[in-house]
Each structure stands twice: as structure tokens, then as C-alpha cells.
Number of protein chains: 2
Amino acid sequence: MSDKKLTLNDIAKLCGVGKSTVSLVINNSDKVKKATRERVEAIIKEQGYTPSKAAQALRSQREKIIGVIVTRLDSASENQAIRAILPQIYQHEYDAILMESLLDPTLLAAHLNVLAQRNVEGVILFGFSGVDKSLVKGWKDKLVLISSALPEVASVVYDNVGAVNVLMEKMRDAGHRSVSYIGVTTNDPTTGNIRYQTYLERCAAFGMTPHAALGDLSYQSGYDLAKGLLTAESGALICASDTIAMGAIKYIQQQGWKIKVGSIGSTPLMTFLQPDVLSVKMGYQQAGLKASQLLLEMLHGTRTQEHIVIPCTFQ
Amino acid sequence: MSDKKLTLNDIAKLCGVGKSTVSLVINNSDKVKKATRERVEAIIKEQGYTPSKAAQALRSQREKIIGVIVTRLDSASENQAIRAILPQIYQHEYDAILMESLLDPTLLAAHLNVLAQRNVEGVILFGFSGVDKSLVKGWKDKLVLISSALPEVASVVYDNVGAVNVLMEKMRDAGHRSVSYIGVTTNDPTTGNIRYQTYLERCAAFGMTPHAALGDLSYQSGYDLAKGLLTAESGALICASDTIAMGAIKYIQQQGWKIKVGSIGSTPLMTFLQPDVLSVKMGYQQAGLKASQLLLEMLHGTRTQEHIVIPCTFQ
DNA sequence: CTGTTAGCGCATTCAT
DNA sequence: ATGAATGCGCTAACAG
């Protein structure tokens with residue numbers, strides 16, 4: 001570590017060859033005599049030389065970087081997806097730069113700007129309601145959207161319809177004639193709208209009267225809405241997320257009621273604290289995997305924009 | 001967005017000035033006549049020109065990037081710190097690249113390597129027991145360690161001693177003659193050792209008999225250890241973290257016991273679910289703030305390595 | 001004050 | 001198969 005940083009040039013004269021030869025070796029070209037290649041590789045390893053990313057980027061006009069923009073760093077579901085994404089990215093010799101949109105379109109735009117300035121090759125974006133065409137304009141072929149979809153952009157979405165359907169069926173099969181619902185209006189249109197609409201639809205199909213309340217994604221909202229919505233006679237409740245369910249359950253337990261709760265998420269905390277809750281897993285890590293694979297292949301030109309649906313699983 | 005990317009050169013001839021003049025304007029040098037500066041700035045804005053980061057980096061031999069390495073992306077405490085760090089970094093025109101060490105020294109080394117290759121200017125590192133001198137060698141003047149300390153490296157640490165002291169005093173003042181403790185052996189030596197040692201010390205000072213169990217940072221560990229450690233006669237329990245406390249409380253409630261619990265962390269979930277728990281806040285966001293400020297000033301050369309202690313607060 | 005010049009480290013022609 | 005030359009976009013000396 002004492003030496004200053006070596007350059008391609010240094011390696012070249014150290015090996016007694018030209019710079020381009022070294023360059024070819026680095027880029028795994030087959031246009032180098034085997035003997036020469038091995039000698040150069042030996043010196044490179046011995047000297048611990050690594051090519052300058054900055055120079056490579058300047059020369060090739062593209063950074064080997066992929067931007068990943070989550071809505072919130074402390075989102076349990078997005079965390080699971082990220083855990084699948086990052087290894088993929090690193091494995092393909094890319095670096096990742098992780099950012100947080102906080103569900104703010106303005107902040108998202110700023111982040112996309114930074115990424116554009118950096119000339120990053122691709123972006124994985126966790127969607128929310130503020131994400132529209134104008135924001136992702138110019139990223140069409142190098143952007144994968146997770147959890148929400150947009151025309152002209154590759155996306156990986158969850159099976160929200162299936163998740164609610166499963167829970168509703170389980171409740172009905174357990175003999176419940178009425179099922180309440182607590183969801184969200186704000187933030188993510190996927191979580192909010194689709195799940196709610198599916199609930200309404202299932203109610204109609206099952207001949208049930210809908211009984212729902214919508215709020216935000218917080219514990220407190222779940223608690224407050226439960227208080228306004230439920231009664232001692234409520235038999236079953238479906239919550240749009242584990243966080244909401246956590247709040248609702250607190251209220252239910254305080255009242256000493258016996259209500260069957262179903263929730264979407266299946267976070268470790270929920271399964272630990274409330275193993276009786278009916279839980280649907282949305283396949284977050286799988287979504288991350290698919291999204292990063294898709295993006296990588298799109299950048300590689302071996303695949304085009306797609307629309308992938310991740311199935312949910314009941315446990 | 002239809003034009004190809006403009007370069008400094010394009011702007012220069014568009015303004016009818018030399019490239020260096022434009023460069024000076026970009027870098028806010030005062031060596032430019034006001035009239036010229038304004039004209040150039042106008043064109044720059046009008047054309048939406050942004051300098052190439054890659055070229056800047058190559059030329060100046062340093063990327064305006066700061067690496068942030070957390071132990072786990074889903075750590076609530078580290079998340080709070082990050083929320084304070086990122087805005088600081090962006091505000092100073094740096095970009096952040098966020099990585100996860102998973103408490104694995106090998107992975108950490110790999111990440112530091114990547115950052116070194118990228119020539120990042122500085123690193124903020126969340127410490128754990130595997131972090132030693134050899135790993136951070138070569139980063140001495142551009143690395144700030146959070147939550148653990150090392151000689152020759154700037155660091156920001158939490159007041160673990162104070163936190164345990166506060167809880168022990170509250171317990172004693174509430175009349176408890178015996179206080180149990182559930183902590184951790186693994187991972188973070190700070191969380192583990194210091195808190196445990198302080199507990200033992202306080203017990204001695206208060207003439208109490210220590211009654212402790214150590215495990216890992218999971219809910220389950222808290223639950224299991226509580227089962228082995230507590231009895232119906234236990235009056236008070238201190239947990240080294242909210243996660244552990246969550247597990248212990250579940251066991252306590254199952255038994256129907258009445259035990260006063262104190263915990264370190266004060267996460268939103270804990271204060272929502274268990275408002276009766278005695279909670280000590282460690283000042284995570286403040287630590288993030290201090291750490292990023294310190295690093296930025298170190299890079300700026302206006303400050304040298306320091307060792308900062310963040311006070312804890314009881315609520 | 002402003003224009004000119006010379007590289008930063010690398011990849012990509014073109015010669016050889 | 002390999003060396004020499006060119007330029008990516010920018011900054012820093014040096015001129016003017």
C-alpha cells in the first residue's frame with residue numbers, strides 16, 4: 001500500500017510490452033499470445049493493479065454502476081428485495097448506488113438527475129404513486145420498475161389480486177360470513193387501490209357486505225381504524241400490510257376480542273409475535289432477483305422490456 | 001433531452017470564451033469578470049449542461065463520492081443514522097454509495113476494496129466486532145467509524161455506559177432490589193460487552209446479585225433467554241436492545257407475569273406496542289449527523305481525527 | 001482577467 | 001500478435 005497507484009502504462013513497461021497489450025489482457029481479448037498473456041497477468045496480480053474506473057468510464061462513456069432507488073430504507077419488504085439485488089449487481093462487476101425516494105417525486109427526480117449525471121447504465125426503481133411517465137422519460141431501456149407498472153417501462157409487480165383472494169378464500173372457508181378490511185389510501189397505489197378493489201370484488205362474489213376503512217401505512221393508523229371499524233361481533237379482518245395489522249391487533253387484544261386476522265407481508269416480526277395471523281408472502285426477494293436479472297440482460301441487449309408478475313405464497 | 005450530451009468545450013465556443021473560463025465558472029472561482037460569469041452561467045442553465053463526473057474524477061484523481069457501510073440495511077438504529085448522513089452528503093455535492101457488511105469482515109474488506117478502486121474520498125463505517133486495524137489501514141484520514149472505536153481512526157460512539165446506568169438507576173429508584181439482564185455475546189462488542197459489564201458493575205455498586213443471560217440479537221433469543229432466566233418473582237428486567245426486549249416481553253406476557261422492562265433503543269415499534277417499557281434513546285440520528293460532519297471537515301482539512309461520544313436520553 | 005496547452009488513465013484505431 | 005498514436009471531458013499551469 002506504500003506505492004502510489006499504478007497505471008496501465010506502468011504495468012506495460014514493467015512487462016516490457018505496449019499499453020494496448022495490457023488493455024487487451026484486462027478485457028479478456030483472445031488476441032494475445034498465451035505466453036504473453038500469462039506473463040502480464042502474473043505481473044498484474046503481483047502488483048495488485050486495478051484499472052482506473054474513472055478512466056474507463058471517461059473512455060467508454062458509461063459507468064459500470066446501477067442505481068437502486070427504494071422508497072424507504074426501513075421498508076422490510078424492499079429490504080428483502082435489495083438483499084437479492086445487490087449480490088446480483090456485484091456479481092456482474094457493477095457497483096450499486098442506493099438511494100431513498102421517501103415517496104417524494106421531487107426527491108426522486110433529483111436522484112434520477114444525479115444518476116444521469118453519473119451516466120449510470122441502469123436503474124432499479126421501487127414504484128409509488130408519484131412515479132409517472134415524465135419522470136422515467138429517457139430511461140426507457142435501462143430502467144426496471146418494481147411493485148408498480150407503467151407503459152413502455154419494464155416492470156416486476158406483485159400479485160396483489162392473488163394475495164387478497166387467498167386471504168378472502170381462507171376466511172370464507174373458515175366459515176366467516178363477514179370480513180372487515182383495513183387498507184391504505186396514500187402512497188403506493190398498488191398497495192392501496194388494487195388490494196382494496198380486490199377486497200370489494202371478493203365481497204361481491206361471496207355475497208358479503210364490505211366493511212372497510214383506509215388510512216396510511218403506520219401502526220397508529222391500523223390501531224385507529226380498527227377502533228372505528230371493529231366491534232365485538234367482528235369475526236375476521238384483513239389488513240393490507242403487516243404494519244397496519246400490528247396496530248389493529250394491538251387494539252383487538254386490548255378489547256379482549258377474538259378476531260381472526262389476515263395480513264399481507266409475512267415479516268419475521270409478525271410471524272414471531274403473532275403466529276396465528278394468516279400470512280401471505282409476496283415474494284420480495286424473488287422480485288429483486290427477477291428485476292436485477294431482467295435489467296442486467298436488458299443492458300446486455302439479450303432481452304427487452306418485460307412485465308413480470310411474482311406469484312404470492314400462502315404459508 | 002434530444003441533443004447528445006454537451007461538453008465543456010461546446011459551452012465554451014457557444015459562449016465565445018475559452019474552456020478554462022467555463023471551468024472557472026463551474027468551480028465558482030472569483031477570477032472571472034462578473035459580466036462574463038453571468039453570461040456563461042446563463043448559457044449553462046439554458047443548455048442544461050452538467051460537467052462529466054467521470055472526466056472530473058479522472059482529472060482531479062478523486063471521485064466526489066463517500067462510501068457508507070452499514071452492518072445491516074434493516075437495522076432500525078443504523079437507518080436512523082443514515083437518514084441524517086445522506087442529506088449531509090448530498091448537500092456537500094457528494095454522492096453516497098451505500099453498502100452492507102452483514103457483520104462479515106471478508107465482505108467488508110471486499111467493499112472497502114471496491115471503494116478504493118473507485119477512489120472514493122471518504123468512508124463512514126458502522127462498526128462491529130470484526131473491524132480491526134488491518135481492515136481500515138490506509139483509510140486513516142478519511143474514515144469515520146460509528147458505534148465502535150479504534151486507535152488512530154476517527155469515531156463516533158454511543159454512551160452505552162450511561163444508557164445502562166440510567167436504566168439501573170430508574171429500576172432501583174422504583175424500588176427493585178433485583179434486576180435481571182438479557183444481552184448479547186455475539187456481533188457487536190459494544191452492544192455486547194460494554195453494556196453487560198456496566199450492568200455487572202451497577203449490580204455491584206447497588207449491592208445486587210447479577211442475574212443475566214446472553215444470546216444474539218434476535219427476537220427468538222430474547223424469548224428463549226427470558227424463559228430460562230425469569231421467574232414469577234422477577235421484578236425487573238433490562239434488555240440490551242429493543243429486539244431482544246420484544247422477544248422477552250412476549251414470554252412475560254404469555255406467563256401473565258408483571259415485570260418491569262427497560263430497554264435500549266426506543267424504536268417506534270416499541271414505543272407504540274409497549275409504551276410502559278422504560279426506554280433509552282441512543283441518539284442515532286445525531287450520531288449520523290456528527291459522523292458525516294466530522295468526515296466532511298476532515299476531507300476539507302479543517303478538522304482532524306476525533307473521538308465523539310453521543311449522549312443518550314431517557315424518555 | 002482570459003485563452004492556450006498539456007496531460008489524467010484508458011480503449012481503440014492503425015500500422016508494423 | 002503487438003507497439004504507437006489519438007482522444008474521451010476536464011483541470012491546472014502558463015501565457016497573453
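Side-chain contact check for A:E78 and A:T71: at least one donor-acceptor pair (N or O, by modelled atom type) lies under 3.5 Å.
Counting heavy atoms from C-beta on, the side chains of A:L289 and A:Q88 come closer than 4.5 Å. No side-chain heavy atom of A:N79 sits under 4.5 Å from any side-chain heavy atom of A:S75. A 4.5 Å side-chain heavy-atom check between A:Y158 and A:V309 finds every atom pair outside the cut-off.
Formation of a donor-acceptor pair under 3.5 Å by the A:Q80 side chain with backbone atoms of A:Q285 is not found in this model. With B:D104 contributing its side chain and B:S101 its backbone, the two residues share no donor-acceptor pair below 3.5 Å.
The aromatic rings of B:H111 and A:Y90 lie tilted to each other, with the angle between the two planes from 30° to 60°.
Using a 4.0 Å heavy-atom cutoff across all strands shown, B:K33 reaches sugar-phosphate atoms only and no base atom.
With sequence neighbours left out, the side-chain contact (heavy atoms from CB on, under 4.5 Å) criterion links B:S20 to no other residue.
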message: Please encode protein proximity along nucleotides 5-16 of chain D as a string of B, S and -, counting only heavy-atom distances under 4.0 Å.
response: --BBBBBB----

Per-pair distances, 0.1 Å, donor-acceptor, side chain in residues 30-40 of chain B, under 3.5 Å, sequence neighbours excluded:
unit_1, atom_1, unit_2, atom_2, d
B:R37, NH1, B:E41, OE2, 3.1
B:R37, NH2, B:S29, O, 2.4
B:R39, NH1, B:C15, O, 2.7

Review item, side-chain donor-acceptor pairs of residues 114-122 of chain B, under 3.5 Å, at least two apart:
unit_1, atom_1, unit_2, atom_2, d
B:R118, NE, A:D95, OD2, 2.7
B:R118, NH1, A:E63, OE1, 3.0
B:R118, NH2, A:K64, O, 3.3
B:R118, NH2, A:D95, OD2, 3.1
B:E121, OE1, B:R62, NH1, 2.9
B:E121, OE1, B:Y94, OH, 3.3

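For the helix from C:dC1-D:dG16 to C:dT16-D:dA1, the terminal axes (five pairs an end, C1' atoms, rotation from four pairs onto the next four) enclose an angle of 40°, given to 10 degrees.
In the 5' to 3' direction, nucleotides of DNA chain C lying under 4.0 Å from heavy atoms of chain A begin and end at C:dG9 to C:dT12.
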